[in-house]
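In what follows, a single structure is set out as structure tokens and then discussed.
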Amino acid sequence: MRELTVSYDTPLGAVRAADRISFGLRAGERLGFAGESGSGKSTVALAILRMIQPPGRIEGGEVRLDGVDLLSLADEDMRRVRLARIALIPQGSMNALNPVLRIGDQIIDALRDHEIRTSARERDARVRELLESVGLRSEVAEMFPHELSGGMKQRACIAIAISLRPRVIIADEPTSALDVVVQKQVMETLARVQKDLGASVILVGHDMGLMAQFVDRLGIMYAGRLIEASPVRAILTRSLHPYTRMLIASLPSLEQKGTFNGIPGLIPLLRDLPPGCAFHPRCPDAVDRCRTERPGLREVRPDSWAACHLV
Amino acid sequence: MGYLRRNLSLVVGIALLSALGLFVIIGHLVVDTSKSRPLSAPAVQAPSLAHPFGTDRQGRDLFATMVAGTPLTLRIGFIAGMLGVGIGAILGFASAYYRGRLDAVVRGVVDIGLTVPGLLVLILIAVSLRRGLTVNQMAIIVASLAWLNPARTIRAQVLSLRERGYVEVARLSGMSGSEIIVKELMPNLLPYLAATLVNSVSSAILASIGLEVLGLGPIDSPTLGMTLYWVNFNAALINGWWWWWTAPITIILVVFLGLFFLTVGLDEIANPRLRRVI
Amino acid sequence: MRADYLLKRLGVFVLIVWLAATLNFFLTRLSGQDPVRATLLQQAQLGGYVQSGLEAMVKEYERRFGLDRPLWVQYVTYLSDVSRFNFNYSISNYPRTVNEIIAEAIPWTIGLLGTTTVLSFTIGTLLGALLAWPGAPRWMRVLMPPLWALHAIPFFLLGLILMYVFAFRIQLLPMFGGYSPGAFPALTLTFVGDVIAHAILPALSIVLVATGGWALGMRGMMVTTQGEDYVLFAEAKGLRRSTIFLWYCVRNAILPQTTALALALGNILSGAVLVEVIFGYPGVGTILFHAIRENDHFLVQGIVFTIIVALGVTTLILDVVYPLLDPRISYRRT
Amino acid sequence: MTTLLEARHATRIFDGGYFDRTSTLALDDFSLAIDGDRPSIIAVVGESGSGKTTLARLLLGLTSPTQGQILYKGQELQTMSRAVWRAFRRDVQVIFQDPYGVYNPFYRIDHVLTTPIAKFGLAASRAEARASIDGVLRAVGLRPEETLGRFAHQLSGGQRQRIMVARALLLRPRVILADEPVSMVDASLRATILASLRTMNRDLGISIVYITHDLATAYQISDTIVVLYRGSVVEIGDVELVVKRPQHPYTQLLLSSIPLASPERTWMTEKPSTPVAATETIDHGCKFAGRCPSVAASCRESAPSLFQTDRDRAVACYLYRDAPTVTGDHRQPGRSR
């Protein structure tokens with residue numbers, strides 16, 4: 001992805017939800033996108049699938065999958081890419097399954113619309129195999145979404161997402177609103193199916209603990225901008241950007257009862273972002289340069305990028 | 001009020017109804033409404049300068065009849081509509097907020113009441129009260145059923161609002177049940193209540209005209225419905241006395257179109273999501 | 001769960017039938033004096049019947065219905081009569097019984113009402129669905145405002161206008177009645193053609209008005225459905241637009257539309273009664289109109305009871321069909 | 001000395017109404033005493049459906065128990081006089097979870113602050129009212145001139161939640177029930193809200209019942225912890241003991257399921273996917289038996305009572321059946337501090 005920019009037209013003028021985002025996803029890699037609400041992390045995920053709904057629109061940039069720029073594809077071709085090559089796992093809190101269709105039918109209609117011509121018997125076998133691969137009994141195919149628990153619904157969504165063996169799986173807060181025990185089961189399922197497929201995963205979320213335990217590399221978003229991208233271990237131990245450092249410090253740990261150190265100030269409104277670095281009003285080490293000139297993303301250490309003048 | 005420009009339906013609704021109001025006011029100044037009684041003009045005259053809307057077979061001047069009849073019909077509609085929404089709102093708010101037995105009773109009566117066509121029950125009542133109805137009696141009869149629909153819709157709205165956090169915060173801030181209904185729930189429902197009121201006025205007028213066309217209305221009053229009854233009674237259509245029914249029909253059209261656009265306009269205020277697609 | 005849901009709906013139906021009978025019984029006695037005697041005496045002055053014969057008739061009625069006995073006894077006998085669908089003789093066209101007259105009129109009303117409701121519901125729902133779908137053809141947008149405005153006016157009003165324009169002015173279609181006077185009702189092609197010709201205007205005045213309403217309702221529901229999470233996920237699944245439109249949007253938006261149909265039946269019928277009166281269409285509405293004019297209490301009660309029960313049956317059918325559309329239903333009606 | 005607020009064998013069953021015979025047992029024989037003189041922070045931890053929100057609504061008097069009692073200064077909520085009820089309403093206040101739903105869109109946010117003042121007559125004059133509002137807003141780190149006079153949609157989730165904390169402060173309550181106060185707030189602001197809860201407890205002597213599904217924040221802020229599972233207490237005690245050396249299998253499962261923001265990768269285990277067993281409904285015996293790794297025969301027969309395994313901890317599990325059982329309505333286990 002290079003210089004991807006997404007803006008929303010609001011009555012108060014255009015708002016940049018994602019501002020010149022660039023990053024590379026390696027095959028089989030687990031890439032995390034962390035950020036607080038309004039940081040633009042979900043916008044990036046939806047932009048990759050070209051599913052930005054009006055009044056939002058993709059202003060510029062490129063999204064290349066195996067060399068093909070998705071943004072320039074015709075609608076029909078993009079439709080075929082969805083699920084077949086790039087699949088989405090919806091948020092845990094959403095009711096992403098059609099309440100009046102059986103789970104099995106919601107897998108089959110995806111196969112059918114991607115021109116998978118198989119006999120009924122083969123199709124049902126495929127459905128059973130998919131459900132069992134995500135830890136669901138085959139009877140679930142006959143059940144309706146309201147008969148399933150939160151965790152089972154997410155597993156069904158994972159089954160749908162992997163039904164066409166995609167190259168990339170985008171999981172947008174897949175376990176939000178799920179209990180911590182169920183969350184662990186769902187994430188373990190996701191890890192296993194990813195290994196079986198050899199696909200790469202983009203995990204979008206705000207739970208730094210989940211990111212720390214699941215992803216290989218992590219990008220931190222703030223006010224629509226990518227401000228740091230490094231291997232997750234580097235982020236946890238010696239993060240570059242002050243915001244990342246303070247975010248990690250504010251996380252409650254189970255080891256020792258530390259003092260509470262939140263990040264002062266308020267999350268900036270995308271409509272009136274401060275000039276220069278968007279974090280400077282809340283940044284303890286901000287200097288004049290931060291207030292005027294917006295820092296670009298630089299490779300400060302091998303494979304560790306940060307957008308900060310002081311680093 | 002820049003807002004009005006964007007909410008076209010509201011503007012059209014208000015325009016139609018104020019045109020009607022103007023017609024009635026000017027009419028009262030121009031014509032002697034007593035001429036709406038039978039034998040006050042030569043029968044069956046086509047519209048002329050003397051009788052701008054023509055006259056009917058019983059010798060009523062139709063212009064006078066329209067000027068006198070329109071406010072009567074509107075009055076029935078408003079009384080019945082107000083009563084209907086008044087009772088409906090009280091029951092709707094109380095049953096949805098306090099729940100319990102009252103809610104079960106209200107819901108049962110409303111669910112069953114709505115499956116019974118209102119007009120038939122009104123016919124039963126009107127048939128048995130044979131000795132001539134006054135306009136006010138008519139309004140009360142219509143009102144006796146007009147509260148069902150408002151009760152149902154308001155109850156549904158209050159049920160959804162009742163679970164909101166701010167209702168519980170209000171309760172924990174020491175507000176009593178009735179205070180919460182008036183201060184917390186009602187303000188959010190004002191546009192919706194207004195739309196329900198206009199809607200129930202419109203269906204009340206429809207019910208009263210229906211009864212009158214069937215001959216169950218106040219026989220000697222010049223309301224729009226009774227005029228249509230005499231149109232039908234004297235087969236004005238076949239005899240070619242076109243002016244006799246075009247006047248009431250046009251006025252009724254203006255009344256219903258005005259009220260309809262008003263309801264749509266108010267609905268838009270109540271939930272702006274719909275406006276995006278029009 | 002399903003058994004007690006059906007039980008509950010049956011219970012409601014029985015309640016409606018009981019309500020219909022009770023309304024009939026008490027509302028007609030609102031005016032205090034007993035309806036039969038009042039009507040018969042009134043007939044006497046009007047028609048110049050032989051006075052003595054009339055007295056005998058009144059006595060016979062009073063004995064037969066036990067009008068002299070206490071009210072609640074009358075009420076019980078009335079209920080037993082009603083439960084056997086026995087509505088006695090029609091006063092105004094004695095010796096024919098109320099049941100005979102209603103039986104003659106019912107097919108006409110069912111024909112008119114059934115076709116117009118099904119037509120307006122399907123066309124309206126389809127139109128409403130397509131209107132809310134960006135992929136819909138342009139000309140549909142043009143069709144909406146007129147239908148929308150038509151929805152505001154009552155059926156009989158449009159009926160009068162259509163009658164004047166098509167029957168009186170252009171004499172394209174018959175103006176009055178269910179079939180041409182003198183035509184003998186038989187299953188011949190000409191007669192059926194004649195009946196259809198007569199039914200066009202009344203049917204049109206209902207369909208043109210009702211369709212706008214269904215379209216408006218469906219469009220509102222489609223707007224909400226398109227915003228749902230499962231439509232977003234369907235798009236992410238790379239489904240075709242047509243699949244999403246049909247199986248995800250329409251399939252979910254049709255549920256409240258069916259409930260709205262059940263609730264609207266009462267109003268549709270009230271409107272249809274007036275249309276029949278205007279067109280003199282030989283359905284239950286016109287019979288009711290004449291019964292009112294001639295103060296025929298038994299006929300009025302019979303018709304009102306039959307209509308309410310018929311509506312009760314239709315609502316029951318819709319309530320039984322509803323769970324087939326919505327698997328979540330363990331009966332949660334708002 | 002009677003306790004300030006107490007739940008004694010409180011049970012709440014939600015039946016589905018006339019036709020729906022399935023009834024759910026939301027809270028089962030729950031006892032907890034909040035002692036006014038030694039204000040502490042009690043965390044109630046459990047997954048969704050564990051009954052923690054039901055407990056909050058019972059203690060707030062928003063719903064009444066099916067069995068057992070809720071007592072305020074020894075008097076039962078249902079039978080209290082109006083005067084005592086007003087005192088109860090002032091003494092026991094709430095902070096709700098959803099910062100978006102607690103503001104009536106029709107009014108500016110000031111309405112949430114002025115209403116309690118008016119209703120409880122907390123200020124003699126407008127000036128005094130304004131002063132106390134400014135005071136509590138500053139106490140939660142908000143500048144009054146930046147906050148008052150605005151509508152809720154103009155403020156961030158964090159600001160709105162801090163206003164709710166300020167509202168609770170206004171009434172000078174003795175107990176605050178915080179039902180998941182930070183779960184819908186961003187991480188960076190979460191710490192500031194938890195900090196203000198703790199200062200309220202330390203400096204103003206307000207007892208706090210902190211209800212959450214997030215064990216990490218519970219550990220950071222509370223003194224005592226109650227772990228709930230499907231309506232029953234499985235473990236209760238001093239938070240250091242329970243978190244560092246959990247004894248009940250469910251507490252252990254909860255703690256092991258939390259992904260920690262630490263470089264060591266201990267969380268993910270490559271277990272083969274065993275089809276998720278639908279949690280069978282157990283009408284008698286331990287509710288956790290269906291999922292418990294060390295389940296035994298006795299667990300399925302009857303529900304274990306609370307066994308006092310430490311001075312400051314009790315566990316409802318047969319693994320510790322030889323420890324003395326906690327009898328009667330157990331007081332809050334003695335706090336070490």
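Below, chain A is the first sequence line, B the second, and so on; all start at residue 1.
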Residue [X] versus chain B: region with a heavy atom under 4.5 Å:
X	result
C:Ile268	neither
C:Leu288	side chain
C:Leu23	both
C:Val300	side chain
C:Phe13	neither

Atom pair CD1/CG of C:Ile206 and C:Leu113 - distance to nearest 0.5 Å
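Rounded to the nearest 0.5 Å, the CD1-CG separation comes out at 6.0 Å.
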Measuring from B:Leu145:CG to B:Ser200:OG, what's the distance to the nearest 0.5 Å?
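With rounding to 0.5 Å, CG (B:Leu145) is 12.5 Å from OG (B:Ser200).
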Which residue out of C:Leu157, C:Ile153, C:Ile308 racks up the most heavy-atom pairs below 4.5 Å with chain B?
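Ranked by heavy-atom pairs under 4.5 Å with chain B, first place is C:Leu157.
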Should the heavy atoms of other residues, nucleotides or ligands under 6.0 Å from CZ of B:Arg57 be counted, would the total exceed 12?
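Incorrect, the count does not exceed 12.
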Engaged part of [X] at the chain C interface, taking heavy atoms whose separation is under 4.5 Å:
X	answer
B:Leu206	side chain
B:Leu122	neither
B:Leu228	side chain

Please check if the distance between the ring centroids of C:Phe168 and B:Trp242 is under 6.0 Å.
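No; B:Trp242 has its ring centre 6.0 Å or more from that of C:Phe168.
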Could you tell me whether B:Phe93 and B:Tyr97 have their ring centroids closer than 6.0 angstrom?
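Ring centres of B:Tyr97 and B:Phe93 not closer than 6.0 Å.
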Is there a donor-acceptor contact under 3.5 Å from the side chain of B:Asn234 to the main chain of B:Ala236?
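Here the side-chain-to-backbone pair does not exist.
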Taking B:Gly265's backbone N and O only, do any of them form a donor-acceptor pair with B:Asn7's side chain (distance below 3.5 Å, no angle check)?
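Confirmed, B:Asn7 side chain pairs with B:Gly265 backbone.
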Return the option, out of B:Asn232, B:Thr246, B:Leu253, B:Leu114, with the maximum number of heavy-atom pairs under 4.5 Å with chain C.
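Among B:Asn232, B:Thr246, B:Leu253, B:Leu114, the one with the most close pairs to chain C is B:Leu253.
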